[in-house]
Amino acid sequence: MANIKSAKKRIKTNEKARMRNKTLRSTLKTTVKNLEIAILSGDKDVAQKELNKTIKRLDSSVNKGIIHKNKAARSKSRLTKKVNAM
């Protein structure tokens, strides 16, 4: 355990950030999963709406530093290809 006051504070803030990042990463995965389900169901309108939500969530995650911008770009590209192939 840390003895210095600033180190104790960093432990608290790091834990808060970890939990926030974990929540955001989880919601991102759920959004992508919902899009995959919409693609498998075969309804293009629903899939397009889910794609828009997913792209918005991916961009938001990049801005907050949850994922790397290249990973987001790669994911958006792959998901868009799947929706367009329907």
Side-chain angles (χ1 to χ4, degrees):
M1 183 66 189
N3 291 324
I4 299 170
K5 188 175 182 180
S6 62
K8 290 178 183 178
K9 183 178 179 184
R10 288 305 300 167
I11 289 171
K12 286 182 186 177
T13 57
N14 287 341
E15 182 62 19
K16 286 179 187 174
R18 187 183 73 82
M19 295 306 293
R20 186 169 41 246
N21 291 342
K22 183 179 176 184
T23 303
L24 292 170
R25 202 173 296 119
S26 176
T27 56
L28 176 63
K29 287 180 183 179
T30 303
T31 309
V32 172
K33 185 178 173 184
N34 289 340
L35 174 58
E36 294 284 348
I37 291 169
I39 291 169
L40 289 175
S41 71
D43 191 1
K44 186 151 184 162
D45 293 333
V46 174
Q48 190 63 44
K49 288 178 184 176
E50 287 295 326
L51 177 65
N52 291 339
K53 285 184 195 175
T54 305
I55 288 174
K56 185 176 178 182
R57 189 73 53 133
L58 283 165
D59 290 337
S60 173
S61 295
V62 169
N63 289 336
K64 293 176 182 176
I66 307 300
I67 59 172
H68 194 271
K69 65 178 183 173
N70 290 352
K71 178 177 180 174
R74 185 175 63 244
S75 297
K76 288 191 288 188
S77 175
R78 288 177 180 170
L79 294 169
T80 304
K81 280 182 186 177
K82 285 183 180 179
V83 171
N84 289 340
M86 290 178 72

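If you read the sequence from its start, that first residue is 1, and numbering goes on from there.
For Leu24 against Lys64, the heavy-atom pair with the smallest separation is CD1-CD, 3.9 Å. Closest approach of Lys8 to Met1, counting heavy atoms only: CG-CE, 4.5 Å. The heavy-atom pair separating Ala47 from Leu35 by the smallest distance is O-CD1, 3.3 Å.
Atom CD1 of Ile4 is surrounded by 12 or fewer heavy atoms from other residues, nucleotides or ligands within 6.0 Å.
Distance alone, capped at 3.5 Å, places no donor-acceptor pair between the Ser77 side chain and the Ala73 backbone. With Thr23 contributing its side chain and Met19 its backbone, the two residues share a donor-acceptor pair below 3.5 Å. Side-chain atoms of Thr31 come within 3.5 Å of backbone N or O of Thr27 as a donor-acceptor pair. For the pair Ser41 (side chain) and Ala38 (backbone), a donor-acceptor distance under 3.5 Å is present.
Remark: Arg18 pairs with Glu15 by the salt bridge (charged side-chain N to carboxylate O under 4.0 Å, His left out) rule, at least two apart or across chains. Considering only residues two or more places apart in sequence or on other chains, Asp43 meets the salt bridge (charged side-chain N to carboxylate O under 4.0 Å, His left out) condition with none of them.
Rounding to the nearest 0.5 Å places CZ of Arg78 at 8.5 Å from NZ of Lys82. Taking OG of Ser75 as the start and CG of Asn70 as the end, the distance is 10.5 Å to the nearest 0.5 Å. Between Lys12 atom NZ and Lys16 atom NZ the span is 7.5 Å, to the nearest 0.5 Å. Of the inter-residue distances, the one linking Leu40 atom CG with Met86 atom CE reads 8.5 Å to the nearest 0.5 angstrom. Rounded to the nearest 0.5 angstrom, Leu51 CG and Asn34 CG are separated by 13.0 Å.
For the pair Ile55/Thr80, a side-chain contact is recorded, criterion being any heavy-atom separation below 4.5 Å from C-beta on.
Among Lys76, Lys69, Lys71, the single residue meeting the side-chain contact (heavy atoms from CB on, under 4.5 Å) criterion with Leu58 is Lys76.
For Glu36 and Lys33, the salt-bridge test fails: no basic side-chain N is under 4.0 Å from an acidic carboxylate O.
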| Stepwise side-chain contact (heavy atoms from CB on, under 4.5 Å) check, Leu28 with Ile66 | CA-CA 10 Å; Leu28 176 63; Ile66 307 300; 5.5 Å; no
